[in-house]
Amino acid sequence: MERRELTCIGCPMGCTLLIELDENNNIKVTGNACKIGETYAIKECTNPTRIVTTTVKVIGGKHPTVSIKTDKDIPKDKIFDCLKELKGLSVKAPINVGDIIYENILGTGVNMVATRKVESC
Amino acid sequence: MNYDLVIIGGGPAGLAAAVAAKEEGIDNLIILEREEELGGILNQCIHNGFGLHTFKEELTGPEYAQRFIDKVNELSIEYKLDTMVLDITEDKTIYAINPKEGLLEIHAKAIILAMGCRERPRGALTIPGTRCSGIMTAGAAQKFVNMKNYMPGKEVVVLGSGDIGLIMARRMTFEGAKVKAVVELLPYSSGLKRNIVQCLDDYNIPLKLSHTVVNIHGKERLEGVTIAKVDGNRKPIKETEEYIPCDTLLLSVGLIPENELSRKVGVELSPVTGGAVVDNHFQTSVEGIFSCGNVLHVHDLVDNVTLESYSAGKNASKYLKGQLRKGETIKLKATDGVRYTVPHFINPSTIEKDITVRFRVGDVFKGAAIAVYFDDTKVLNKKKRILAPGEMEEVKLASDLFSQYPGVKTITLKVERS
Amino acid sequence: MYDVVIVGAGVVGCAIAREISRYKLKSIVLEKENDVCCGTSKANSAIVHAGHDALPETLKGKLNAKANLMFDKLAEDLDFHFRRNGSLVLCFDEKDMDKLYELKARGEKNGVPELQIISGDEVRKMEPNVSDQVVAALYAPTGGIVCPFNLTIALAENAHVNGVEFNFNSEVINIKKLEDGFEVKTKDKTIRTKILVNAAGVYGDKLNNMVSKHKFTITPRKGEYNLFDKYVGNLTDKTLFQLPTKLGKGVLVTPTIDGNLLVGPNAVDIEDKEDVSTTREGLDDIMEKASLSVKFLPKGNIITSFSGLRARSEKDDFIIGEAPDVPGFINASSIESPGLTCAPLIGVIVSDIIKEKLNPKLNENFNPKRKGITRFNDLSLEEKKKIIKERPEYGRIVCRCESVTEGEILDAINRPLGAKDLDGIKRRTRAGAGRCQSGFCISRTMELLHSELNIPPTEITKFGKASKILVGTNKESI
């Protein structure tokens with residue numbers, strides 16, 4: 001049996017969720033004041049994912065960087081690998097919101113896309 | 001230069017106000033923005049989580065800003081960039097400068113103040129120690145990291161658990177820094193729960209509640225800080241002092257509405273919010289001058305800034321069309337745990353629909369209720385599982401309440417424990 | 001071979017440099033920091049004292065009132081802000097009245113004009129926010145306020161334009177006496193000179209004791225201050241001192257020349273000549289003492305705290321003149337309060353000694369005038385319009401809090417002895433000196449330093465040496 005403790009992010013209440021995982025991966029959640037807590041806890045224990053936002057360098061742009069994000073959630077344990085993959089990367093201006101900056105990062109099927117416009121200088 | 005409406009500030013507040021006014025048929029309007037692009041502080045807030053209410057999807061700051069910039073362009077709303085307003089006079093003459101046009105003298109019939117807020121610096125806390133480099137506000141660091149590709153430090157302590165501080169703890173971690181602790185004077189964080197979990201817990205960054213920085217070390221560049229636990233009166237406890245080596249101290253210790261211009265034109269300011277005192281039309285004590293967004297009171301969600309500013313824009317339009325009647329006002333009183341309300345006054349003669357009253361509480365309350373009194377009569381009781389100073393709250397006052405209670409003098413908001 | 005080497009580019013060193021630039025002398029100022037005005041001169045009360053404090057038989061007493069009178073002309077010639085706001089020494093107890101009269105008598109002996117003792121009510125008529133506890137005060141109309149950076153920078157720029165060289169990051173590490181002068185060693189070079197002037201502030205003892213048997217010790221005496229927002233700069237117009245009592249010397253409450261409110265200092269003797277840290281106890285102490293002087297001290301409006309070191313020797317007076325056993329070695333040392341006030345006169349005194357010794361020719365090209373940076377914020381609307389037309393960079397505000405334009409910052413960087421770091425820009429223009437303390441303008445100011453001086457952003461400092469702002473680029477260390 002594995003026990004974990006999480007803080008629910010469903011609302012400002014921030015319930016402390018106690019999660020018990022047995023050998024058959026059955027999940028029991030306690031401490032939640034509402035259904036949101038349970039759903040959140042199960043997701044966090046079975047498949048935690050996050051949107052990752054960062055920047056990459058821009059060449060020939062009005063701005064030195066462009067902000068980017070994963071266009072879908074990626075597994076939480078891949079965040080730092082994803083950032084490492086982007087190390088040293090630079091892109092050429094002009095860039096538009098939604099432009100793919102890096103395709104299929106780490107084979108996740110997720111693209112890194114620009115979140116701002118950068119005009120050429 | 002003559003304009004019906006001049007909006008000072010092209011951040012989320014100014015953009016929403018401009019869009020609303022234009023939609024109401026005000027064509028002769030202009031936005032004055034001091035930076036070289038529209039969007040304000042959103043441009044450097046590259047994290048996601050914006051717009052859940054407004055667009056029903058999670059956007060990053062620049063994306064959220066772009067939606068409004070697109071709208072402004074679509075509606076052909078005029079704006080000037082790189083333009084700083086120096087002064088506003090009582091007759092609504094605005095003096096502004098930019099390098100291309102020089103000194104501008106703009107005559108406005110109405111003005112919307114949307115200048116946003118700024119961060120409290122170290123000096124405001126009088127943290128003793130040296131005055132070395134390596135100490136900056138979280139927002140200044142955010143600009144370097146997100147806009148300029150430069151790291152302000154490698155080993156970081158964050159003082160204050162405001163949202164920008166939490167966000168920056170994660171950002172610095174992503175870009176290769178080690179964040180050693182987030183130190184918060186109060187027994188609770190003023191940031192959003194979700195940011196504490198996703199910016200700190202996810203990366204095992206300790207949040208030290210009821211702690212503060214008591215000394216700063218390092219002659220040239222920062223070498224470390226001494227932190228200590230504080231007692232019930234927020235006084236540091238000597239025996240709990242702990243030295244943390246670090247090269248960077250980021251400050252996220254509060255935001256202050258930037259009302260220097262408002263002061264110049266004589267707008268009455270609230271000592272609690274630092275923003276203007278407004279009525280339900282977001283009109284300040286100076287007729288025809290409106291205020292909205294973070295310059296009015298500091299928000300935690302941009303969606304609320306948008307809603308509020310949209311409303312301010314509509315009301316400014318009504319003013320220009322002569323539809324805002326003057327009349328007796330009802331005072332809103334914040335007491336028993338409620339720190340302030342916006343608006344501060346209600347003009348009942350022009351109420352068409354429900355009035356949203358936004359407010360903050362001064363402490364954490366669990367299982368309490370927000371009660372609204374029209375003079376001595378309780379008209380609303382809103383149960384809340386939790387109320388926290390970091391989360392802005394609102395109640396809606398139905399328009400028919402005002403016809404039910406004619407002649408009401410004071411509306412009181414308070415926290416009532418069950 | 002130099003005629004004169006001055007060690008220290010504080011207000012005293014720069015005042016001496018400016019005075020000797022009237023003569024044809026090959027001279028240089030050696031400064032260990034990255035800029036002028038980095039030691040004692042940068043952090044003090046910024047007061048041009050009337051001159052009633054020091055005992056008449058001391059040098060401090062003899063020079064103060066006379067030096068005070070030099071400021072009007074100097075401010076006009078060198079274009080720095082100076083104002084005779086007047087000062088009040090507040091007396092809180094009838095029993096202390098004799099001390100107040102004593103102070104007045106001393107001031108008169110020292111040559112301070114127009115001193116008056118006025119009643120508590122008269123004080124409050126003059127300054128309505130003065131505490132009701134005040135029973136009387138000594139009023140000195142000649143007391144003034146100045147910006148110590150502006151003053152020092154103006155003196156240095158003028159000296160430099162008139163021919164004096166300046167070397168920064170040039171700490172003197174050794175001095176050798178020669179037949180006809182000295183050999184002065186810094187980490188980069190060795191300079192020979194006929195005359196060596198010691199204006200090394202808290203290091204004055206170190207320098208003197210390298211060459212002279214008449215040794216002295218300088219014990220830095222720390223003073224801490226709180227600076228308040230301009231919103232409350234008008235709490236008092238006159239400088240409010242406290243009459244020294246059993247409890248100590250008291251602290252002052254004063255407007256600054258730029259319109260802030262300043263409170264401090266305490267006085268703590270320390271060992272470390274570089275320790276300008278503030279302490280909780282010190283800051284609490286000055287606030288407690290200052291709150292005696294005024295009805296209300298707006299504690300919520302502090303924008304920064306700082307501390308400075310007074311260069312104080314056991315002689316308890318200025319040490320000015322040639323060392324008795326080392327001809328050509330001239331001390332301008334142990335210059336504690338009222339050192340800022342006396343600096344211009346010390347410049348003349350030291351210059352006279354040098355003149356006597358070297359009998360130099362006059363510098364016919366000497367220009368006593370210096371034009372400061374045009375402050376956009378001080379201009380009329382018409383003038384603003386004109387300057388932006390001529391120089392568009394004056395149409396872009398970089399520092400919002402103090403309304404400092406890009407034009408002013410560029411001027412600060414590019415003028416003689418221009419700014420090389422952020423503090424240098426702040427002290428010349430006030431960019432970053434306001435209520436947000438550079439949160440908004442720091443990145444733009446750094447871009448200007450980068451583009452004008454070609455310094456990589458990661459090498460830009462707050463005040464030279466290791467005080468860098470940035471440590472690298474994103475993802476560099478992942």
Side-chain angles (χ1 to χ4, degrees), chain B residues 34 82-84 86-87 95 97-103 105 118-134 136-137 139-140 143-154 171 174-178 214-221 236 247-248 251 256 258 260 263, chain C residues 224 226-227 231 274-283 287 300-306 376 381 384-386 388-389 392-397 400-401 403 405-406 422 435-440 442-443 447 457-458 461-478:
Chain B
R34 58 191 162 203
D82 210 2
T83 302
M84 179 81 178
L86 301 177
D87 203 3
Y95 293 96
I97 55 165
N98 68 42
K100 281 193 194 123
E101 297 163 287
L103 183 79
E105 187 180 323
R118 66 183 147 82
E119 297 174 282
R120 275 176 89 201
R122 167 189 175 183
L125 310 176
T126 61
I127 310 168
T130 55
R131 293 210 295 163
C132 49
S133 71
M136 64 172 79
T137 59
K143 189 163 185 183
F144 281 120
V145 179
N146 291 352
M147 309 284 282
K148 311 282 176 195
N149 205 44
Y150 284 108
M151 290 290 280
K154 289 198 166 98
R171 268 306 283 149
F174 276 13
E175 299 300 337
K178 165 89 186 140
V214 293
N215 210 344
I216 289 171
H217 312 269
K219 275 180 180 162
E220 290 155 16
R221 174 83 194 193
D247 67 1
T248 306
L251 303 173
I256 305 161
E258 233 192 353
E260 280 63 43
R263 279 171 194 262
Chain C
E224 296 169 73
N226 277 325
L227 186 75
Y231 293 151
E274 299 279 316
D275 176 12
V276 284
S277 62
T278 51
T279 61
R280 180 78 283 138
E281 303 74 39
L283 296 176
M287 291 296 278
N301 287 291
I302 296 172
I303 62 170
T304 190
S305 311
F306 62 88
F376 184 76
L381 284 176
K384 281 177 177 158
K385 204 179 268 181
K386 190 166 162 264
I388 303 172
K389 206 166 196 180
E393 60 271 24
Y394 270 85
R396 183 177 289 126
I397 298 278
R400 302 171 191 175
C401 305
S403 293
T405 63
E406 197 169 294
L422 290 172
R435 54 181 68 93
C436 95
Q437 290 283 298
S438 86
F440 274 125
I442 186 169
S443 71
E447 279 172 5
T458 46
T461 63
K462 188 171 186 292
F463 50 82
K465 297 181 192 168
S467 65
K468 290 174 185 170
I469 308 295
L470 303 169
V471 300
T473 56
N474 290 6
K475 298 190 184 67
E476 212 175 51
S477 50
I478 59 168

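Proteins get letters first, then strands, A, B, ... in listed order; numbering begins at 1 in each.
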Is it the side chain or the backbone of B:Ile127 that comes within 4.5 Å of chain C heavy atoms, both, or neither?
-> backbone

Part of B:Lys148 lying under 4.5 Å from any heavy atom of chain C | side chain

Taking atom types as modelled, find out whether B:Thr126 and C:Arg280 have a side-chain donor-acceptor pair closer than 3.5 angstrom.
-> yes

Output for pair (C:Glu476 CD, B:Met151 CE), nearest 0.5 Å, gives 9.0 Å

By a 4.5 Å heavy-atom criterion (distance strictly below it), what part of B:Lys143 contacts chain C: side chain, backbone, both, or neither?
-> side chain

Any idea which of C:Leu283, C:Thr304, C:Thr458 has the most non-hydrogen atom pairs under 4.5 angstrom with chain B?
-> C:Thr304

So which part of B:Glu258 gets closer than 4.5 Å to some heavy atom of chain C, the side chain, the backbone, both or neither?
-> side chain

Between C:Ile469 and B:Met136, does a side-chain contact (heavy atoms from CB on, under 4.5 Å) hold up when you go through it step by step?
-> CA-CA 9 Å; C:Ile469 308 295; B:Met136 64 172 79; 3.8 Å; yes

Any idea which heavy atoms bring B:Arg118 and C:Phe440 closest together, and the distance?
-> CB-CE1, 3.3 Å

The interface call for B:Arg34 against chain C, heavy-atom contacts under 4.5 Å, is side chain

Structural part of B:Asp87 lying under 4.5 Å from a heavy atom of chain C = neither

Interface check, chain C: of B:Arg131, B:Met84, B:Met147, B:Lys154, most non-hydrogen pairs under 4.5 Å belong to B:Arg131

Between NZ on residue B:Lys178 and OG on residue C:Ser477, distance to nearest 0.5 Å | 13.0 Å

Report the distance from atom CZ of B:Phe174 to atom CG of C:Asn474, rounding to the nearest 0.5 Å.
-> 12.5 Å

Under 4.5 Å from any heavy atom of chain B - which part of C:Thr279 | backbone

Of all the heavy-atom pairs spanning C:Ser277 and B:Thr130, show the shortest one and how long it is.
-> CB-CG2, 3.7 Å

Shortest non-hydrogen contact between C:Ser467 and B:Ser133, atoms and distance = C-OG, 3.1 Å

Going from CG on B:Leu86 to CD1 on C:Ile397, what distance comes out if it is rounded to the nearest 0.5 angstrom?
-> 5.5 Å

How many angstroms lie between OG1 in C:Thr461 and CZ in B:Arg221, if you round to the nearest 0.5 Å?
-> 11.5 Å

Side chain, backbone, both or neither: which part of C:Glu281 has an atom under 4.5 Å from a heavy atom of chain B?
-> neither

By salt bridge (Lys or Arg N to Asp or Glu O under 4.0 Å), which residues pair with B:Arg171, not counting sequence neighbours?
-> B:Glu175

Nearest-0.5 Å distance that lies between atom CG in C:Leu470 and atom CZ in B:Phe144 | 5.0 Å

Is it true that C:Arg400 and B:Glu260 make a salt bridge, defined as a side-chain N closer than 4.0 Å to a carboxylate O?
-> no

With chain B, the option among C:Lys385, C:Lys389, C:Arg435 that has the most non-hydrogen atom pairs under 4.5 Å is C:Arg435

Which region of C:Asn301, side chain (C-beta onward) or backbone (N, CA, C, O), has a non-hydrogen atom less than 4.5 Å from a non-hydrogen atom of chain B, or is it both or neither?
-> neither

Winner by heavy-atom pair count (cut-off under 4.5 Å) against chain B, out of C:Lys475, C:Lys384, C:Lys462 | C:Lys475

